[in-house]
Structures are given as structure tokens and as C-alpha cells.
Amino acid sequence: MAAMAVRAALRGLRGRFRRTQASASAGGVRGAAQGAAGRAGSGRGCPRGGVPRCSGVGRDGRPPAAGRPRTLSRWRNSWEPCRGRPDYDLLVIGGGSGGLACAKEAAQLGKKVAVVDYVEPSPQGTRWGLGGTCVNVGCIPKKLMHHAALLGGMIQDAPHYGWEVPQQVPHDWRKMAEAVQNYVKSLNWGHRVQLQERKVSYFNMKASFVNEHMVRGVTKGGKETLLSAKHIVIATGGRPRYPTHIEGAVEHGITSDDIFWLKESPGKTLVVGASYVALECAGFLTGLGLDTTVMMRSIPLRGFDQQMSALVTDYMASHGTRFLRGCTPLKVKRLLDNQLQVTWKDLASGKEDMDTFNTVLWAVGRVPETRNLNLEKAGVNTNPESKKILVDAREATSVPHIYAIGDTAEGRPELTPTAIMAGRLLAQRLCGQSSDLMDYDNVPTTVFTPLEYGCVGLSEEAAVARHGEEHVEVYHAYYKPLEFTVAERDASQCYIKMVCLRKPPKLVLGLHFLGPNAGEVTQGFALGIKCGASYAQVMRTVGIHPTCAEEVTKLRITKRSGLDSTVTGC
Amino acid sequence: MSSLPGRRARLSSPGTSRLSSEAREELRRRLQGLIEDNRVMIFSKSYCPHSTRVKELFSSLGVEYNILELDQVDDGANVQEVLSEITNQRTVPNIFVNKVHMGGCDRTFQAHQSGLLQKLLQKESTYDYDLIVIGGGSGGLACAQEAAILGKKVMVLDFVIPSPQGTSWVKHNWEIMTEAIQNHIGSLNWSYGLSLREKSVAYVNSYGEFVEHHKIKATNRKGQETYYTAAKFVIATGARPRYLGIKGDKEYCITSDDLFSLPYCPGKTLVVGASYVALECAGFLAGVGLDVTVMVRSILLRGFDQEMAEKVGSYMEHHGVKFLRKFIPVMVQQLEKGSPGKLKIVAKSTEGPETIEGVYNTVLLAIGRESSTRKIGLEKIGVKISEKSGKIPVNDIEQTNVPYIYAVGDVLEGKLELTPVAIQAGKLLARRLFGGHSEKCNYINVPTTVFTPLEYGCCGLSEEKAIEIYKKENLEVYHTLFWPLEWTVAGRDNNTCYAKIICNKVDNNRVIGFHILGPNAGEVTQGFAAAMKCGLTKQLLDDTIGIHPTCGEVFTTLEITKSSGLDITQKGC
């Protein structure tokens, strides 16, 4: 069985999606070979007679005879009579976290499902496999490199704990990158196997709508296939934005799509942007010993609690990351020695300045992958500004049987677990298993900066804006993680704040935690907040000693009191 | 005196005779507490005109009084019954002034006319302190501080008797570590002292011993004796590691109390015991590269979930810690002196006549802790302690059988020996005694973490305990193995970390047990414990979004039940 699955997956990896003859002819993918007919060996198929056949594999190995390919319009006509039985119950466009979760769940519930996924190489030519942003160029490699940087910090701590380590412990980017990349590749593989196991058809093709029920897939080689489905889920995610107006930006800069796949150390790096992506990347680059500068136009971590954000950057600054605030880049130029010369403007003084770097990383936001989907052909509406797809609480777009989840959907948090849960719930609803809607409130998240920042619920600003300052009580504490004491680490930014309603029972509106293992700490409290925890309930929880998380259960000082909130003793 | 009113009560009110003798005793203590705590205590009924007259009398005298309206509390009938046992008076109002039983309305007015009432009221409390705390551990200090915040006059008596091996300071590799750790402890001690002074608690470094009711003798290092009295006492003397009681143990073995201040590297070590202290010590000693053996009499981590305990042990075994199971030491002999020296240990099997011998540099005893309650004069004032463990039984408000004596922390019988629990209990106790609060310390769903090499965090019931209480058929256990992301690249132990929750099917799948074996288990468990406080159910776990990529998120996607027998090994991501 396993061997079969492996072989099957291997076939898939070669870009050939041969399914069993029976299912191919019964269910079928309508194929249409278009464009140049001369690429022998690329394996194109074409429909024959009236029976739809599995395309993509030229079983006879012959290129389709001239004149045989049908035009799309003819296909459209021939589609009409069999509108009642499309190829698939569900077609998912995009093989990222949300799309795969939705596809797997629907398949498990007995639906006939296909996933169409295609990774457009980055402008620098980086490409990757199945699994989407999180697996390939997001959470996973990011956290691994963050961990690599944390290990460096632990090596520095080690002598305090009696370990005799050499003064200089160099870091080998090549080795780390290879290990991280191999792990990511194993995940790509795992996703392929899982699809196979659940009998989800997978097409490595670029998708675009033909009409509201049909999607055209185009392979890397240019071969086209038409896929029809009763329900279509758009889960194409987003890609980093390039500041195309800046001279040399696209040509010489990289983004988070490339950084994890670099074979060599990026060297002295300029990170442009103030998003969590910018700070996380700058954080681990600094931690790995690279000269790193962050250039931001205004505030860090927009949308997050601003007091916490300031502490995040304070910690980074005190640990070696340089910050150029209130600055905006003007141009990037490659010098003869291959270095990149960046010119920027200080917005306050209007003065221009210049420095050279080995790498320039743009982290100035992300754009949804909706431009090439031909959404207008299906009648799917987008927000003209953000280009994100407008959805309702059921994730449905302006076309009732077309849905959008994850980073492409308007107003949704750009987070893997929300996309996964939204995808799974959507699949359950489509299969009549449940009517539960996705609850986008109180979504916990963690920013994996050198000092991690975990949060759930409202920021202090949002709470004040929503309830009024006089109705909000903020409990807070500066604390020192036990592990920092012996290692004599600076804990000035280790801080916790709980935002509550002032009126008893003082419901908890938001929790913000800055310190080691913030993700692990925040997860459980997120549940508490979901359960409608009050301040008193959190205080009644006995702490686990000695942890950082226990400080949350000991928050006594209100901001309003103005008392010193530094924790002493235990 | 006590049997007669008891019979009377049964005769007079058969409806309330269901009160068990335990509950009756409990209520009696509570009432005595009220009587002792309040200068004027009035038991009344809100509609009773006589009660109203008495209240008006005390108001006109400008005297503060406390009232318990029997018609407004749930167990009013029981209170009345027990009051009649104490006072031989069944009616209300029932009045106490400075702990003296005054009687009813008429008697009180008579006393007012005769001047007796004024005399009784003038009798100020003659105690030196409102509260004396014996023992300067976390629970005692928390209680003292809280009482001081509430404006009470408080003293803490604390005196640490050095363990038989004594303690001192020096350095080397091991030395750097212990020095750094000792410095931290030093700074903690200092900040404790500071916070005590700030809150005006008298901190006396003396050994406390009861000599008579409400009176304690404090003996300092120089042997000087001072006597203090207080209205109330809290015993928080904690526990010290226990010895084996075999030849050579006190001379040559060390305990965890000594380990952290050991001035030299312990070398090849035998850890005796399977408590969390034993496994934690064995774990970090092996982690810093020492040859470590753990000798276990029977099971690991008694009281904890045994499936988890075995997993903790097998991970340690996998990472170089040796286990000698079903053996107990019978003799310790010194072969060589030194730092460390060489010790020979003879152990015998618990199952047969077999004996084994081994040579170690250090033998660490971690076979449990014994309460320090035996030499503080408790017998003089009649405080009951458990013969075997030396622990003090208390009711749900931490009150001993002597109403003005309370106890918190590790000295309590049948309660968890955990610092944060002691702190919580101490604070709440002070607030109940002096702050008019009624909140009790809840010993259910207390989270804890064992800091073994692979950390084990838990909250609520073990699987065994859950089955015992709720029956297996009413439970559903969800579980999974998981692979922390950080371990993947490092190629560490796949399918080792484990998560398990125990749900009560007949109560909306409420989560009654939470267990995690993995890195940062303490940090993970804490928040879930807060959620369990709020009534966590499986559905809520499923509805919560995970934080990606963390270990904690595994609990938001638990699908496989133990009863299904399905495979939980992790393949993909």
C-alpha cells in the first residue's frame, strides 16, 4: 500500500496526474489542448468523441492532430447539456493551508474533489512545492530560522550555566538553509501523499475562471485543461508586494518568498517595512549574527497593540538590529562589487542618505493572488482597492457557489490556522455535516520576533475605542523570566498586559504577552477568552511555578493606579 | 456537656439531624471562628424585633458589630442547632461580646444596665499580634503580606534548621552554575525581606514553638527566648526531605536541599526515589553529562497519570538515565572521602532475596518530604497531626481542629505540595480572616509541571483517577503524539511528545484532565488551566484557533479517541 502511494505520488511529482482508467472516464476531466501543438513529449491530451477523458497525459504519446483541439467556445456549448453533472463536487483553487484543509475534509466526507495549485516563481526565480505560503515561505521556515537564532542566544547563555563553549561559535547559513529546505520539501511530499490517500485529484496548473462553473488550468508547459465543479473554493493566498515605483526594487531586491530559499547567507541586510514579516526576518537575521537594518516609514506592527509593538522593537534594537525610522527608500543600485547601494529619504528632515548592503528584503505588505483568476468571468466581486474577494459569513462570494477563504478573502486575518479552520468548516457545511460558521473573533496569534509577542483579543487601543477609556481596566506587569536571571539577560521588555472591561465581572477583552515561548503561553489563554473568562477567573487559576505563563495569573496592578508594575520575588 | 445538647438538638429538630457529625464539627468551628473574630457577634433573624432592639443598642453605644442573619443563609437551621449546642440557648438573638456569651436580648439589656456590657467591651484584645505566621515559605509569606495589607499587626517566625549535610559556598564548572543560581535565590530572599518590610510585617529569624494557647516561644540562633501572643496563628512550616532510616544515610547521602548548593560536581550519582524531585534532579544531572542511575521502589510519579509517568521515564531512559526498578537501598558505606567521595550502596530487591551493590560519587535521596510539624509544640495546644506523615488535617477553610490555628502549604494533609497553591491559599486565608471575604482556595484543577528532560504538564485528573470517579464508560480520552517543529530539523525523537485530554461524556464533554508531554509544557499548560477554570469543553477546544506553529495548538485539533484504538503516530505535518 505504502509503496503504491509512493509510486503514485512520484508520478504526481513528475507532473502527470494519471488516475485509474475507470475513474478517469467516468468522472473525467475535460481537456482542451490549445496553443502550440508542437511540444512533443510534454504530454498533452485532448478530448475524443463525446466522452470526456482524462487529459494531461497523452496516453498514446502522440501530439493531438491538427484541427482536433476544440476551441473553448465550442467546449462551452458542449458543456451546456451536461450542466447537471460537473467533473467535481468541489474544486479548490490553491494548495495552501486553507485550500488543502477544505479539500481533504470534503474528500473525507465522500465528495469528489480536485485541487489546482501553481506556484508562480518569484521575480528572483524562487519556486517551491505544494502547501502554500505557510509551509514554504512563511510560518514553518520562519519559525525554524527563528529557532536557529534563539539557539545562538542559548549558546551565549550556556557559560553562565556551566557549559564550556568556545568564545566564537560561527553559524553556517548554508547548512541551516539546507536543513530547513529539506524539511519543507518533506512537508510538500506529505501534502501530496495526503491528497493521494484521500483520493483528491491534484493538478499542478495555473487556474483561471472560464465561467462560473468552469476553470481553465494551464500547466507550466502551456497545456490547458478545463475543470468543472459544483462548488469552487478560491484559496490562492497572497504574495509579497514589490514597491515597483522604487528604482531597482524588483531587479535587486528579494522578499520573504526568497529569503528562506537562499543558498548563501544574505550578509548585510536591509529589511524595508514594519510588518510582522519584516520584524521577524530582521530578528532572526540579527540573531544569526548578520548586520541587519530595518527601515520603516511610520509605526511598527500596525494593527497590533502599539505599546507592545514598541517593546518588540525596543528589544530588537537593544539586541543589535538597527532601525531607520521615518525613512523611505528612493532607489537601489547594484555597484561593481555586487553590493547594493540604497538611497533613502528621511521624511522628517527631507534629507537623503545612502548605505550599501548585500541584500535588500522588501516586507512592505502582501497582495492577494486574484489578478490572474479572471474573476469577472465568473462574476466574483472584489474590493477594488485591496483586490481581495468580498465574502459573507459563510465565506461565499458574490456568486453563491463560489467561496473564498484565507488570505484572498476580504477582512479575514492572514493566518494559517484561521484558513484551515475556515476551510474545514466550509467543507463540512458544503457536505451538510454542520451549519457552524467560522468565528473570526478572538483569534490568537504570535509574532516570532526575538522576544516573542503573543496576543489574543483586542489591543488596548481597540478596547478603548470600542468601550471608552473609563470602561476599560488594564492590568499589567513587567516580569523577569527565571531563565534570564542566571544568564544575566536583560528583561526590560518582558511585559504582560490584560485588557478587561472595568465593570464586574471584568470580562477579559485582550491578552498581550511579550516574552519567551509566547505562542505556547498564549494558546491556552486564548481558550479561556473564548470561554468568556473574567479577570477573577484568571486570577483564581493557580500558577505553574516557575514559568512565565504564571505571571498572567498574578496580574494585580492596574495601569490606572500608576503603581510600579515590576514584578519582584516569586 | 457536649453529648447532652447533641441529644437535645436531635430531639428538638429531627429535620436537621441529617447533619453528619463531620459537618456539625465543621460548622461549630466556623461559628467559633466568627465568635472569636468579632468584638461583638450577633446571631439574629432579620425579621425578629428583639434582634432589632439589640442592634439598635450597640449602634447607640457606637460599637461595631457583626451580624449573621440565620434566615438569610442557606444553613440557618443548622447554625441555630449548633449554636444551641454551644450556648444552651436556642433562640435568637444570640449575642457574644469579646468571646463571652451574653445571652439573648433581655440579658444584654440587663448587662448594659449593670455596666457589665461596658466592662466586657472595654476589655481590649491583649494579644501582641493579630496574626503570627510560623514558617517563612511561600504560603506563609503570602498570608502575612496580605494580612498586613489589610491593616493587621503581623509577625513571621522563620528559622531554617540546616540539613545534616550542612550548606556552604565555592566553584568550578558545576560551581559557576550553582553560584549563579544561589545568587538568584539570594536576590529573591532579599526581595522577600524587602516586600515584608514594605508591608510592615515583623520578620523574626527565630524558631517558634507553642507553649500554651495563643502563646508562642521564639528562640533565636543565640538561644535567646522571647514570648509572643496572637489572636490567630498560621502554620506554614512546609516540609523537608525525608531520610531512609538506614545505616549511613544521614552521614553520606544528600537531599535536593543540598544539591542546589553543592560546592562540587556530584559526579556519578545514584538518585533514590521516583518522586518528581527525584526525576527532575536525575534529568538535569544527566543533562549536564553525568552518569545517573535512578533507584525506584515501585512506580514513577505516584499520584500522577501513570501513562504519562511511564512516558516521562522512558524518555529519560532513552536519553541515558539508568533505572533500577523494584530495589530499595539497605546500606550506604563511605569508601573514600572527597569532593565528591566514593560511596558503596547495597540495595535489595522488593520482590525477592536478591541484593545488588554499586559504587557512586553521590547518593541523592528524593524519597519524599516530611512535614516540619513535630517540634513546634502543637501537642501543647491540642492541634491534631497525622501520626504517619506529620501533616495537619484542615477543613476547606484551612482551619485546624483548634479554631484559631490555621495551616497552609506543604504541611496540609491530602493537599497538593505546590508553591503557587500555597501562595493562593495563604492570600485567600488572610482575606477571609481579616478582609471579610469568603472565597476559599480551590484545590481542584490545579495545574502543575514536572520539569523532567521532556517536561510534563498537567491539570485536573489523571486517567486513573477520572475512571475511579466517573467510570470508564462515561469518559472519552482524546490523544495524539506530536513532533515539535524545532525537533524536526534537529532530527530529534519523532513520535515522543504526547498530548491527552480526558472528557466527561455525560457533562457536555467537559475536559476534566489535561496532560502534555513536550517542550515548554509549563508554558503550554498554564493557559489551558485558566480555560479549565472557565469550564472548558471539547467543543470549545475544537472551536479555538491554533497558534501556528506551536506545540500548544495540538490541543485544538485532537480527533482520535483512545477507545477507537486508532494509530496516533504522526506521519506528515
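Scope of the values below: all heavy atoms of this structure, side chains included, with no hydrogens, waters or symmetry mates. Below, chain A is the first sequence line, B the second, and so on; all start at residue 1.
In this structure, the separation between CE on M539(A) and NZ on K533(B) is 12.0 Å, given to the nearest 0.5 Å. A distance of 9.5 Å separates SG of C531(A) from CG of D543(B), quoted to the nearest 0.5 Å. For the atom pair CD1 of I423(B) and OG1 of T553(A), the computed distance is 9.5 Å after rounding to the nearest 0.5 Å. With rounding to the nearest 0.5 angstrom, the CD atom of E553(B) is 12.5 Å from the OG1 atom of T522(A). Interatomic distance, I529(A) CD1 to C534(B) SG, rounded to the nearest 0.5 Å: 9.5 Å.
The contact between E486(B) and chain A is made by backbone and side chain atoms together, counting heavy-atom distances below 4.5 Å. Within the 4.5 angstrom heavy-atom criterion, no atom of L428(B) approaches chain A. Using a 4.5 Å cut-off between heavy atoms, M438(A) contacts chain B through its side chain alone, with no backbone atom that close. Using a 4.5 Å cut-off between heavy atoms, H160(A) touches chain B through its backbone atoms (N, CA, C, O) alone. Proximity to chain B involves both the backbone and the side chain of V521(A), based on heavy atoms less than 4.5 angstrom apart. Neither the backbone nor the side chain of S97(A) has a heavy atom closer than 4.5 Å to any heavy atom of chain B.
Of the residues considered (A531(B), C459(B), G491(B)), A531(B) shows the highest number of contacts with chain A, using heavy-atom pairs under 4.5 Å. The most heavy-atom pairs under 4.5 Å with chain B, out of D439(A), D436(A), I544(A), T541(A), come from I544(A). With chain B as partner, the option from V456(A), V486(A), N182(A) having the largest number of non-hydrogen pairs under 4.5 angstrom is V486(A). Chain B forms the most heavy-atom pairs under 4.5 Å with one residue out of A526(A), A533(A), S186(A), P546(A), and that residue is P546(A).
In this structure the side chain of Q523(A) reaches within 4.5 angstrom of the side chain of T556(B), judged on heavy atoms. Contact annotation: the side chain of K143(A) never approaches that of H548(B) to less than 4.5 Å [non-hydrogen atoms, C-beta and beyond]. Under the 4.5 Å side-chain criterion, counting only non-hydrogen atoms from C-beta, Y183(A) is in contact with L485(B). Side-chain atoms of I545(B) and P444(A), non-hydrogen and from C-beta on, do get closer than 4.5 Å to each other. Side chains of F555(B) and L527(A) form no contact here, defined as non-hydrogen atoms less than 4.5 Å apart. Counting heavy atoms from C-beta outward, I140(A) and P549(B) have side chains that approach closer than 4.5 Å.
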For this session: Determine, step by step, whether T488(B) and L144(A) satisfy the side chain to side chain contact (heavy atoms under 4.5 Å, CB included) criterion, reporting the C-alpha distance in whole Å, the side-chain angles of both residues, the deciding distance to 0.1 Å, and the verdict.
Result: CA-CA 9 Å; T488(B) 56; L144(A) 288 171; 4.1 Å; yes
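Looking at residues two or more places apart in sequence or on another chain, you find a salt bridge (Lys or Arg N to Asp or Glu O under 4.0 Å) between D396(B) and R30(B), K440(B). In this structure E488(A) satisfies the salt bridge (Lys or Arg N to Asp or Glu O under 4.0 Å) test with no other residue, sequence neighbours excluded.
In this structure a side-chain-to-backbone donor-acceptor pair under 3.5 Å is present from E520(A) to G552(B).
Taking all atoms of both residues into account, the shortest heavy-atom contact from M421(A) to T544(B) is CE-O, 3.2 Å.
Heavy-atom proximity under 4.5 angstrom to chain A picks out V446(B), P447(B), T448(B), T449(B), F451(B) from residues 442-451 of chain B. For a heavy-atom cut-off of 4.5 Å, chain B lies close to N517(A), G519(A) in residues 511-519 of chain A.
Counting heavy atoms of neighbouring residues, nucleotides and ligands inside a 6.0 Å radius, atom CZ of R174(A) does not exceed 12 of them.
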